[in-house]
S.K.: 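Here it is, the structure, as structure tokens.
Numbers restart at 1 for each chain; the letters A, B, ... are given by sequence-line order, proteins then strands. Not measured: the values here are computed from a predicted model.
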Amino acid sequence: MAEINFIPLEYDYFDWQGRNYARIIGRDDKGHRVLMIDLFEPHLYAILKPNLSEKQIQELIKKIEKIKIESGSRTTKIEKIKVEEKNFLGKPVKALKIYVTNFKDAHQVADKLDFPEIEARREYDLSFSTKYIIEKNLVPLGWYKVTGEILNNSQEFGGIDSQFDVDICIFAEKIEKAEEKAFKPKILAFDIEADEFELGKSEILMISLASENFKKVLTWKHCPAKQEFVECFKNEEEMLEKFVEYIKKQSPDILTGYFSDGFDLPYLRARAQKLGIKLSLGVDNSQPVFARGRIPSASISGIIHIDLFRFIETVYSQYLQSETLGLNEVASELLGEGKKDFEFKKSDKIKQHEWRDFFEYNLQDSILTLKLAEKFWPDMFEFSKILQEPLFEITRDSMSSHVENYLIHNLERYNEIAEKRPIHQEIGERQAKEKYEGAFVFQPTPGLYEDICVFDFTSMHASIIVSFNISKSTLLEGRQKNSYETPEFELDGKKEKFYFTKQKGFFPALLEEVVQKRKKYKKEYAEDKNPIKKARSNAYKLLANATYGYLGFFGARYYCREAAASTLAFVRKFTQDSMDRIKEQGYKIIFSDTDSIGFQLSGKTQKQTLDFLKKLNSELPGIMELDLEDFYKRGLFVSKRMTEAGAKKKYALIDEKGKIKIRGFETVRRDWCNLARKLQSEILELILKEGNEKKALELAKKTIINLKERKVNREQIMIRTQLKKPISEYKSITPHVIAATKMKEAGMPIDIGMSIEYFIAETRKTKKLVREKVKLSDEKGEYNIEYYLEHQILPAVENIFDVFEVNIHEISEGSRQKKLF
DNA sequence: TCCCTACCGTGATG
DNA sequence: GTACATCACGGTAGGGA
């Protein structure tokens with residue numbers, strides 16, 4: 001019997017003699033790689049109809065015990081059945097906990113449980129690792145004292161030890177929580193370069209690897225004069241073999257790439273297949289396994305493969321300024337360091353001396369990826385700890401999964417059985433439902449305003465769900481005593497009110513914890529600015545903000561349209577009520593959107609306004625809170641194009657320190673050309689800083705003249721639009737679809753989600769449609785002056801000048817004769 | 001062929 | 001399929017004059 005301190009990292013399972021065993025890879029506190037084996041008895045629940053007699057239950061159990069599933073070579077049987085008092089959707093139920101010998105057949109066992117005594121079958125659709133983690137309470141990245149038999153060099157489990165390249169192999173008998181220790185994973189980043197983007201189409205030219213003390217580029221195509229980090233091979237095969245060998249030697253906990261799920265690993269697989277070699281990267285020498293999805297997920301046994309791009313995309317993209325999520329932009333923003341300059345060419349066109357740069361470029365990509373992984377490690381760590389799911393999963397899961405994982409891993413405290421995932425048909429029905437009414441947006445009056453104050457509700461949706469106990473399980477059939485009543489609102493054409501019990505439901509209760517923890521860690525971070533605290537606070541914030549969306553998401557286990565619609569009814573009510581109170585006080589409302597209200601101080605002081613805010617807060621129910629967002633010196637609001645009506649979701653504010661906040665304007669939209677965006681943002685800045693339009697007008701005139709004199713460079717006029725679906729699915733053939741088609745014809749890779757770049761060129765007069773003037777950046781042609789004037793520059797600035805009753809259109813016409821200026 | 005408007009498509013706000 | 005509804009605006013599709 002031995003005892004080790006163990007931190008679990010990667011979860012999987014195997015069958016042995018008709019039973020399931022978890023096989024978990026992690027480290028001990030001395031840094032040894034550990035394989036822990038643990039018997040796991042998977043189970044599912046059959047929720048019984050109420051009022052069954054003891055005899056009926058016993059007879060049912062006898063029937064269930066006879067269930068057998070034969071699938072291929074394996075037979076799954078019922079191991080044992082327990083009768084338990086549980087809760088389901090907040091209500092007490094009697095349920096059978098049915099243990100099956102093989103997890104893989106839980107679904108089929110559930111299918112056979114169609115007895116009249118059974119009300120519902122549940123928990124057969126949770127993943128193995130989720131079930132295991134809950135049942136054994138062995139949470140990823142926690143420390144545990146594991147007592148058990150060491151199986152090194154043993155023949156147990158068919159000699160499993162010899163199949164795995166680990167230092168310690170232990171068969172767990174007892175697992176106890178141990179004291180938390182610091183853990184620093186060994187991270188290895190990699191990146192490949194090839195001539196073609198199409199997977200496997202061309203040879204892999206080079207592969208770079210980077211960990212803390214190891215930097216290397218493997219290549220074969222061109223062997224340079226000394227470049228110490230470059231290692232040269234005879235051919236691609238040898239290079240790939242060495243790549244596998246280096247990964248084994250480095251023995252990382254985490255192998256990371258940037259878009260490596262979608263590119264590097266599938267490419268490596270395709271090349272290995274073509275060359276007839278094995279990519280035995282796993283600690284059991286298995287090859288990477290690809291799970292299907294929008295982007296495949298590549299897993300390597302015993303090593304956590306993390307595609308950083310995916311984690312950043314789902315969790316952090318909303319907080320990034322970068323216009324694309326490419327490695328260069330993201331690294332530049334977060335690390336202050338970008339890719340190396342290197343102009344891509346096909347390898348046969350690369351000159352002798354340029355190879356050096358190419359190798360450096362390739363290595364830099366791995367180094368950036370490594371640095372990003374280190375930067376995001378606290379975030380990944382916290383997500384994994386909070387959601388209690390392994391790193392591989394949390395770096396790929398969607399926000400809805402994150403919310404769901406948080407719920408599912410905490411149900412036990414409420415003695416709750418987990419709700420099932422909706423089946424295909426239910427998803428269809430949910431999606432077919434009409435949309436429900438959203439938040440309220442106040443229509444502003446165009447103008448330049450001074451002395452503005454903005455209030456906003458903190459985590460408004462979450463605080464409403466908590467304060468009014470809103471969820472699927474707390475929704476009542478109709479009005480009842482001791483319940484919360486929603487405001488009256490329209491749903492599916494009917495005026496409705498909904499009621500939620502005051503008896504706390506697990507869903508709002510768990511959300512309340514999330515909100516409280518967010519508050520706590522935000523405060524802790526303010527006092528001690530360390531990255532772990534920041535990551536923790538941020539993870540809870542993201543979780544709180546995604547929970548409302550989860551309620552209305554068709555794929556959610558705890559989907560509840562009435563609850564989502566009710567939440568929004570409260571959102572509208574509290575924002576409207578607060579606006580009324582602010583108006584009563586003598587302030588003038590300027591704008592409002594969902595949970596924020598902007599108004600003019602109208603002669604009142606900031607102190608008076610803050611006192612008033614306190615009063616408003618004292619009147620709010622539950623955990624709801626109205627907060628000061630900021631005071632602003634000026635704010636600009638414009639009309640919708642070609643109308644007098646004020647535009648919603650479009651404004652620019654300047655605070656007392658001169659910091660500018662621009663929302664909704666073309667400046668912040670990635671699908672406008674830089675020329676228009678830059679001009680607009682400079683104009684907004686001049687107007688907000690100066691308080692008038694004079695200087696801004698001069699700038700506009702100068703830009704128009706520049707444009708007409710063809711002095712604008714190519715980069716400034718490129719228009720970028722994302723391709724959101726396959727070219728053939730577009731009903732409307734827009735300029736970006738034409739541009740994408742042209743790219744495809746030129747042999748460039750076209751993928752969904754790609755940013756398509758083009759400009760509008762001068763063409764013969766017969767071509768009327770914009771799409772007929774589309775050219776790619778490498779095509780010859782001059783930019784279309786009229787288009788950029790009438791469709792980019794003027795639309796971007798005319799509404800702004802309208803506020804000052806300046807007609808930029810007329811001025812622009814006049815500028816045909818430059819003398820006017 | 002021209003003109004108008006409904007609809008498609010993207011990317012914003014919160 | 002992978003959190004929600006609301007909004008602005010360019011551009012095309014397609015019918016009617």
S.K.: Regarding A:F665, tell me which of base, sugar-phosphate or nothing describes its non-hydrogen contacts under 4.0 Å with the strands shown.
M.R.: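 No contact.
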S.K.: Have a look at A:Y730 and say if it touches a base, only the backbone sugar-phosphate, or nothing, with a 4.0 Å heavy-atom cut-off.
M.R.: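 If one applies the 4.0 Å heavy-atom cut-off, A:Y730 turns out to touch the sugar-phosphate alone, with no base involved.
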S.K.: Check every strand shown and say whether A:S401 touches a base, only sugar-phosphate, or nothing at a heavy-atom separation below 4.0 Å.
M.R.: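 Nothing, no nucleic acid heavy atom in range.
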S.K.: Reckon A:H791 touches a base, only the sugar-phosphate, or nothing at all at heavy-atom distances under 4.0 Å?
M.R.: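 Sugar-phosphate contact only.
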S.K.: Between A:E404 and A:Y550, is any side-chain donor less than 3.5 angstrom from a side-chain acceptor?
M.R.: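 Side-chain D/A pair, A:E404 to A:Y550: present.
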S.K.: Using the rule ring pair (Phe, Tyr, Trp, His ring centres under 6.0 Å), only one of A:F259, A:F376, A:F263, A:Y316 pairs with A:F309; which is it?
M.R.: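 Only match with A:F309 under ring pair (Phe, Tyr, Trp, His ring centres under 6.0 Å): A:F259.
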S.K.: For A:R669, report the nucleic acid contact type (base, sugar-phosphate, nothing); a contact means any heavy atom under 4.0 Å.
M.R.: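 Answer is base: heavy atoms of A:R669 come under 4.0 Å of a base.
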S.K.: I need the residues from residues 642-651 of chain A with at least one non-hydrogen atom less than 4.0 Å from DNA chain C; give them sorted by number, or say none.
M.R.: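 Those residues whose heavy atoms fall under 4.0 Å from DNA chain C, taken from residues 642-651 of chain A in numerical order, are A:A647, A:K648, A:K649, A:K650.
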S.K.: Under 4.0 Å from OP1 or OP2 of B:dG9: is there any side-chain N or O of A:H736 that close?
M.R.: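 No, outside the criterion.
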S.K.: Indicate whether OP1 or OP2 belonging to C:dA3 is found under 4.0 Å from a side-chain N or O atom of A:S398.
M.R.: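 So the side chain of A:S398 is within the cut-off, an N or O lying under 4.0 Å from OP1 or OP2 of C:dA3.
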S.K.: Respond yes when some side-chain nitrogen or oxygen of A:Q431 is under 4.0 Å from OP1 or OP2 of C:dG1, and no when none is.
M.R.: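 A:Q431 to C:dG1 OP1/OP2: no side-chain N or O under 4.0 Å.
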S.K.: Tabulated below should be each protein N or O lying under 3.5 Å from an N or O of nucleotides 12-17 of chain C; please produce it.
M.R.:
| residue | atom | partner | partner atom | Å |
| --- | --- | --- | --- | --- |
| C:dT12 | OP1 | A:R771 | N | 3.1 |
| C:dT12 | O3' | A:R771 | NH1 | 3.3 |
| C:dA13 | OP1 | A:I733 | N | 3.4 |
| C:dA13 | OP1 | A:R771 | NH1 | 3.3 |
| C:dA13 | OP2 | A:R771 | NH1 | 3.1 |
| C:dA13 | OP2 | A:R771 | NH2 | 3.1 |

S.K.: Report the residues that fulfil ring-ring contact (aromatic ring centres under 6.0 Å, His included) with A:H107, sequence neighbours left out, ordered by chain and then residue number.
M.R.: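 Checked A:H107 against ring-ring contact (aromatic ring centres under 6.0 Å, His included); matches are A:Y124.
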S.K.: On the nucleotide C:dA8, are OP1 or OP2 found under 4.0 Å from the side-chain N or O atoms that A:N799 carries?
M.R.: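 Looking at the OP1 and OP2 atoms of C:dA8, neither is under 4.0 Å from any side-chain N or O of A:N799.
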S.K.: Could you state the interatomic distance from CZ (A:F498) to CG (A:L491), rounded to the nearest 0.5 Å?
M.R.: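 Nearest 0.5 Å value for the CZ-CG distance: 5.0 Å.
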S.K.: Compute both the distance and the angle, then confirm whether A:K742 meets the cation-pi test with A:Y758: under 6.0 Å from the six-membered ring centre, within 45 degrees of the axis.
M.R.: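 The answer is no; the distance or angle limit is not met.
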S.K.: Do any side-chain nitrogens or oxygens of A:Y558 fall under 4.0 Å of OP1 or OP2 in C:dA3?
M.R.: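 Looking at the OP1 and OP2 atoms of C:dA3, neither is under 4.0 Å from any side-chain N or O of A:Y558.
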S.K.: Scan A:R771, A:K773, A:E772 and name whichever one has a side-chain contact (heavy atoms from CB on, under 4.5 Å) with A:I760.
M.R.: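 Looking at A:R771, A:K773, A:E772, the match for A:I760 under the side-chain contact (heavy atoms from CB on, under 4.5 Å) is A:K773.
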S.K.: For the pair A:D577 and A:R572, find out whether any cationic side-chain nitrogen is under 4.0 Å from an anionic carboxylate oxygen.
M.R.: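 Salt bridge flag = no for A:R572 with A:D577.
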S.K.: Quick check: closest heavy atoms across A:Y436 and A:A564, and the distance to 0.1 Å?
M.R.: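 Heavy atoms only, the tightest pair is OH-CB, 3.4 Å.
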S.K.: When we call it a touch if two heavy atoms are under 4.0 Å apart, what does A:F457 touch: a base, just sugar-phosphate, or nothing?
M.R.: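 The answer is nothing, as A:F457 stays clear of every strand by at least 4.0 Å.
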S.K.: Could A:R396 and A:E389 be called an ion pair, given the rule that one side-chain N must be under 4.0 Å from one carboxylate O?
M.R.: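 A:E389 and A:R396: not salt-bridged.
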S.K.: It should be established whether A:R663 places a side-chain nitrogen or oxygen under 4.0 Å from OP1 or OP2 of nucleotide B:dT13.
M.R.: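 A:R663 to B:dT13 OP1/OP2: side-chain N or O found under 4.0 Å.
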